[in-house]
Number of protein chains: 2
Amino acid sequence: MTTGLRERKKAATRQSLHDAAVLLAAEHGVESLTVEAIADAATVSRRTFSNYFASKEQALLHHDRARTIRLVELIRARPARESLMAAVIGAAEQHSTEFAADPEQEERYRTLRLHPALLPELVATYAAAERDLAVAAEERLPAGPDTPLRAQVLAATLLAAFRVVGQTALERRERDVVDLLRQALAITREGFC
Amino acid sequence: MTTGLRERKKAATRQSLHDAAVLLAAEHGVESLTVEAIADAATVSRRTFSNYFASKEQALLHHDRARTIRLVELIRARPARESLMAAVIGAAEQHSTEFAADPEQEERYRTLRLHPALLPELVATYAAAERDLAVAAEERLPAGPDTPLRAQVLAATLLAAFRVVGQTALERRERDVVDLLRQALAITREGFC
DNA sequence: TTCCCGTTGGGCAATCTTGCACAGTGGGAA
DNA sequence: TTCCCACTGTGCAAGATTGCCCAACGGGAA
């Protein structure tokens, strides 16, 4: 909120490129989408597009990447005394209040997210988040010889749960993600205990 | 129309600063207007404002300056065979089709334009246009010993007529400026012949 | 196959914007 | 009066955008 003008404008440009990409892809198909068209729609040069995203796939999936990065950020920022699960729940609560998006844009995004051409990028996004979350998780686990493994497994399973919750929420047009997440965590616990 | 992105964005920023200045001045008065407020409203830094305008007065009167500059430009661009008067009429015709503005903005501008604090700037604007027009007029007058004087007088009287026509059109919410201008020119002719 | 062309990613210089610093100004309170 | 403070204009460096460049890639026509 107290960020400078420069930072705010960068965020706005990135968002505007993402929005333009999603809109154009929904209108004319992911296949026929070009970087130039996205840049034009965002009133930005083709070169500037490259300064923000390495590919149109990244631009299209920026929403997912931003969300996951933010989630890990929020988990990290929870009080150190909280257990991993408590931190995750707490962060999810905060997380669900952010990212208020235009319903129509969300609708378009929903139909595009799982397009085959985007899956590699989507997988890479979650893989990166998984690595980051594993690091963060390690700090909230009791030290022990198998802590790294446990952190990785928990990061993977937590993100998997998150992925399903997010997908389900998207399909059900559900806003209250926290309840869904609690359910998912309970299910995981039951399944493994 | 075929201008580059950079140029278009500069024009947009200049226009946006002008619009913000007019809006804020109409809302809170010319006296309490600050450069910082204008820059903020245009989502631009205070330093950037200074890159476009030397003062808030210039920002407020940008519309007049742009219009007069454009008018002289159009007069210059008329075919060389046209007489001065024909060129002026032709240019005025083209001119009246440009500068389509938001009615509300025009309303605000109308109440501000003649504010005492802006008069020096307004006078300077017309003086500059007068010099430019005199140069342009000279090229359309038959050569003679008194051509420079005639060019200056005609430039001054033409712009005076224009000023009155513009003011009248603004007050009458009149779009068809050409007819008014023809009337004005006729009046001048009658008055001096 | 070979060639052509649209698309892409990125290097580079020119230009524009931002953020910061500093001096000058003018108005109002002490 | 003197001091204070908001506002302004401008120099400067860092960062961002643009425009132009070229090399690489892939799909389709000859």
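These numbers come from a predicted model, not from an experiment.
- With DNA chain C read from its 5' end, the first of the two nearest nucleotides for K10(B) and R47(A) is the one closest to R47(A).
- R182(B) is linked by a side-chain contact (heavy atoms from CB on, under 4.5 Å) to I89(B), E93(B), V178(B), D179(B), counting only residues two or more places apart in sequence or in another chain.
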Sequence neighbours excluded and cut-off under 3.5 Å, please list the side-chain donor-acceptor pairs for residues 27-39 of chain B, or say none.
unit_1 : atom_1 : unit_2  : atom_2 : d
E31(B) : OE2    : H115(B) : NE2    : 3.1
S32(B) : OG     : H28(B)  : O      : 2.6
T34(B) : OG1    : A37(B)  : N      : 3.1

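- Rounded to whole Å, atom P of dA14(D) lies 19 Å from atom CD of E7(A).
- DNA chain D lies under 4.0 Å from at least one heavy atom of each of the following residues of residues 50-64 of chain A: N51(A), Y52(A).
- Side chain of R6(A), nearest nucleotide from dG9(D), dT18(D), dG15(D): dG15(D).
- A cation-pi arrangement, defined by a distance under 6.0 Å to the six-membered ring centre and an angle within 45 degrees of its axis, is present between K10(A) and Y52(A).
- Heavy-atom distances under 4.0 Å link DNA chain D to no residue of residues 17-38 of chain A.
- Under the rule for a salt bridge (Lys or Arg N to Asp or Glu O under 4.0 Å), the partners of E121(A) that lie at least two apart in sequence or sit in another chain are R65(A).
- Hydrophobic cluster membership for L23(B): none, as no Ile, Leu, Val, Met, Phe, Trp or Tyr side chain comes under 4.5 Å of it.
- If you measure from atom NZ of K9(B) to atom P of dA16(D), you get 14 Å, rounded to the nearest angstrom.
- The hydrophobic cluster of I69(A) has no other members, since no ILVMFWY side-chain heavy atom comes under 4.5 Å of it.
- Hydrophobic cluster of L74(A): no remaining members, since no ILVMFWY side chain lies below 4.5 Å from it.
- For the side-chain contact (heavy atoms from CB on, under 4.5 Å) test, residues two or more places apart in sequence or in another chain that qualify with A86(B) are E82(B), S83(B).
- Applying the side-chain contact (heavy atoms from CB on, under 4.5 Å) rule to Q15(B) yields the partners H18(B), D19(B), H62(B); only residues at least two apart in sequence or on another chain are considered.
- Comparing L5(A) and R46(A) along DNA chain C, the residue whose closest nucleotide (by nearest heavy atom) sits nearer the 5' end is R46(A).
- Chain B approaches DNA chain C within less than 4.0 angstrom (heavy atoms of the protein), and the contacting nucleotides run 5' to 3' from dA14(C) to dA21(C).
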Exercise answer: donor-acceptor pairs, residues 150-167 of chain A side-chain atoms, under 3.5 Å, sequence neighbours excluded:
unit_1  : atom_1 : unit_2  : atom_2 : d
T157(A) : OG1    : V153(A) : O      : 2.9
T157(A) : OG1    : L154(A) : O      : 3.0
Q167(A) : OE1    : R113(A) : NH2    : 2.4
Q167(A) : NE2    : E171(A) : OE2    : 3.1

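- Side-chain contact check for Y109(B) versus L60(B): every heavy-atom pair is 4.5 Å or farther apart.
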